[in-house]
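The structure appears below as structure tokens.
Just so it is clear: chains get the letters A, B, ... in the order the sequence lines come, proteins before strands, and each one is counted from 1. These numbers come from a predicted model, not from an experiment.
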Amino acid sequence: MKQQDNQRFFSAELLRWYRKERRDLPWRRSRDPYHIWVSEIMLQQTRVDTVIPYFHRFVDRFPTLSQLAEAPEDEVLKHWEGLGYYSRARNLQSAAREVVERYGGEVPRTKQEVSGLKGVGPYTTGAILSIAFDQPEPAVDGNVMRVLSRYFCLDDDIARPSTRISMEDRAQALIPEGEASDFNQALMELGAMVCTPKSPDCPACPVSLHCEGRHQGRERELPVKTKAKKAKPVFRFAVIVEGKGAHAGKVLVRQRPDTGLLAKMWELPHVEVSDEGTWDNPAAGALMLEEALTEEGVRIRAADEVIGEAQHIFTHLVWKIKVLAAEAQEEAYVADRTAYRWIGPEDFEDYAWPNVFRKLLTEYFIHAIHHEAR
DNA sequence: AAATCGGGGCG
DNA sequence: CGCCCAGATTT
């Protein structure tokens, strides 16, 4: 079979399959480019099932692009809480504001303009242009690279940026005239539902007849991808500082810096220690916490008893955290330090927390309320 | 090209 | 436990 015939077969059969099997997803019920944009940002490195409830809450609170642009940043971050990769939320709002200022509030339709928006890279540019505006641009994500690697039996390492470029050329050549929106979604849908990473369901695949990877019996070993490095452990002591006097029943928390890991999220005060040996010595942790918080203008007395332990797994590192208890020594501190705040259970939901601190604080408040009730 | 950026689900 | 997910940005 000629290559062009094979490509036509692939596109036609995939489209036919998609129109019958496509999932009913919230963002597929909307033609609003803004809604499609929001969904694509949320779906970066994040599963469909995880995104669905977040998408509903987000478009319910920020139904239009201008409402997102006008919202307080804290509230946008709060609606992203637990979804991860929080720079996505800040970039999305920043880009929404740019669209209001530069494009009159309408999502632009050119490749140059769309790809210039913050948080919108090669994949998302193609996704917005094709899904929202039916333009014949490729949208190559992990699903698409897996499907194409198998169908054409390609050994290119999909971890390499150059591979994504060549995949985009192939993907674009496969788009049927006037069908960019459905075709690009079909390609991803096949990767998500049939041509899955571990155990592809070839009998259910609409294009298995001419799949070269399957012909060669290599569908399970493709795509080729270099392995990621293992996450390194980082040892930390966190502290729950119980307030006194006017701050009785409250706990000291702080906001993370504007950039970097978990930017602008809230957390328990904590310090990093150099090695696991120090981490096994709570007395050393108590001293380090007292010193570190003194630097910040907060006087505390920490006990050397571990009252909680938690682990937070990131892609490139693992936080191992032991939690100590402490009492505030004075009352008039941290007043002029906006990064630190006293909060009680009633304030908890006003702040955006990484999962690990949400869990630790929830446990503490539940325990404290129990204790008080007796 | 490599590192940085979350969190969860699954074999 | 390792791998991957509708990736983008920074270095």
Side-chain angles (χ1 to χ4, degrees), chain A residues 18 22-23 25-28 36-55 77 80-92 94-95 114-128 130-132 138-147 157-165 167-168 171 181 183-193 195-200 220 223-232 234 256-257 259-265 267 311-319 352-359:
Chain A
Y18 176 69
R22 58 182 275 172
R23 288 171 289 177
L25 302 174
W27 42 92
R28 287 183 178 160
I36 291 166
W37 177 13
V38 170
S39 75
E40 291 301 339
I41 300 298
M42 287 188 169
L43 286 162
Q44 290 170 3
Q45 295 291 280
T46 311
R47 289 184 199 304
V48 165
D49 290 344
T50 305
V51 166
I52 289 173
Y54 282 89
F55 178 80
L77 192 59
W80 215 270
E81 182 188 74
L83 197 54
Y85 289 133
Y86 299 99
S87 67
R88 291 185 295 177
R90 289 186 302 128
N91 287 338
L92 176 59
S94 170
V114 171
S115 67
L117 298 170
K118 279 186 185 171
V120 179
Y123 162 75
T124 309
T125 299
I128 291 172
S130 62
I131 298 172
V140 173
D141 69 342
N143 287 311
V144 174
M145 288 199 281
R146 184 172 58 255
V147 169
D157 181 356
I158 65 168
R160 295 161 52 95
S162 59
T163 301
R164 200 209 68 238
I165 306 286
M167 293 279 183
E168 284 174 346
S181 176
F183 178 76
N184 282 352
Q185 292 183 79
L187 211 39
M188 294 186 275
E189 190 87 345
L190 187 74
M193 305 303 292
C195 197
T196 54
K198 299 286 184 184
S199 51
R220 284 171 177 273
V224 174
K225 186 180 182 182
T226 56
K227 290 175 190 167
K229 286 200 317 190
K230 194 163 80 170
K232 288 170 84 171
V234 172
R256 294 181 60 80
T259 59
L261 186 68
L262 302 171
K264 294 190 177 180
M265 303 286 282
E267 65 180 8
Q311 184 168 280
H312 199 51
I313 302 171
F314 301 88
T315 303
H316 57 297
L317 53 90
V318 180
W319 281 359
W353 311 97
N355 279 6
V356 65
F357 294 114
R358 161 169 286 277
K359 175 170 164 287

task: Can you see which heavy atom on A:L77 is nearest to which on A:K264, and at what distance?
output: CD2-O, 3.4 Å
message: On DNA chain C, compare the nucleotides closest to A:L43 and A:N91; which residue's is nearer the 5' end?
response: A:L43
Outermost DNA chain C nucleotides near chain A [under 4.0 Å, heavy atoms]: C:dG2 to C:dT9
message: So A:W319, base contact, sugar-phosphate only, or nothing? Heavy-atom distance under 4.0 Å.
response: nothing
Euclidean distance for P, B:dG8 against C:dA8 (whole angstrom): 22 Å
message: So which atom in A:V318 and which in A:A231 form the shortest heavy-atom distance, rounded to 0.1 Å?
response: CG2-CB, 3.8 Å
- request: Scan A:R90 against the nucleic acid and name what it touches under 4.0 Å (heavy atoms): base, sugar-phosphate only, or nothing.
  value: nothing
- prompt: Using a cut-off of less than 4.0 Å, is there contact between a side-chain N or O of A:H316 and OP1 or OP2 of B:dC5?
  reply: yes
task: Answer yes or no: is there an ion pair linking A:E267 with A:R256, defined by an N-O contact shorter than 4.0 Å?
output: yes
message: Classify A:R164 by what it touches in the nucleic acid, base, sugar-phosphate, or nothing, heavy-atom distance under 4.0 Å.
response: nothing
Pair A:N91-A:R88, side-chain donor/acceptor within less than 3.5 Å: no
query: Counting heavy atoms not belonging to A:R160, are there more than 12 under 6.0 Å from its CZ?
result: no
message: Please find the pair of heavy atoms, one from A:A127 and one from A:E40, that lie closest to each other, and give the distance.
response: CB-CD, 3.7 Å
query: When you check the side-chain N and O atoms of A:Q44 and A:Y123, is any donor under 3.5 Å from an acceptor?
result: no
field: Least distance between heavy atoms, A:P200 atom then A:R220 atom
entry: CD-CG, 4.2 Å
- prompt: Between A:G126 and A:A139, what is the shortest heavy-atom contact and its length?
  reply: C-CB, 3.8 Å
field: Euclidean distance, atom CD1 of residue A:I158 to atom P of B:dA1 [Å, nearest integer]
entry: 15 Å
- request: Quote, to the nearest angstrom, the C1' distance that separates B:dA3 from C:dA6.
  value: 23 Å
- prompt: Across the strands shown, which category fits A:V120 at heavy-atom distances under 4.0 angstrom: base, sugar-phosphate, nothing?
  reply: sugar-phosphate
message: For a quick check of understanding: with a heavy-atom distance under 4.0 Å over all strands, which category does A:L190 fall into, base, sugar-phosphate or nothing?
response: nothing
task: Mark up nucleotides 6-11 of chain B, 5' to 3', with B wherever a protein heavy atom is under 4.0 angstrom from a base atom, S wherever such an atom reaches only the sugar-phosphate, and - elsewhere.
output: BBBB--
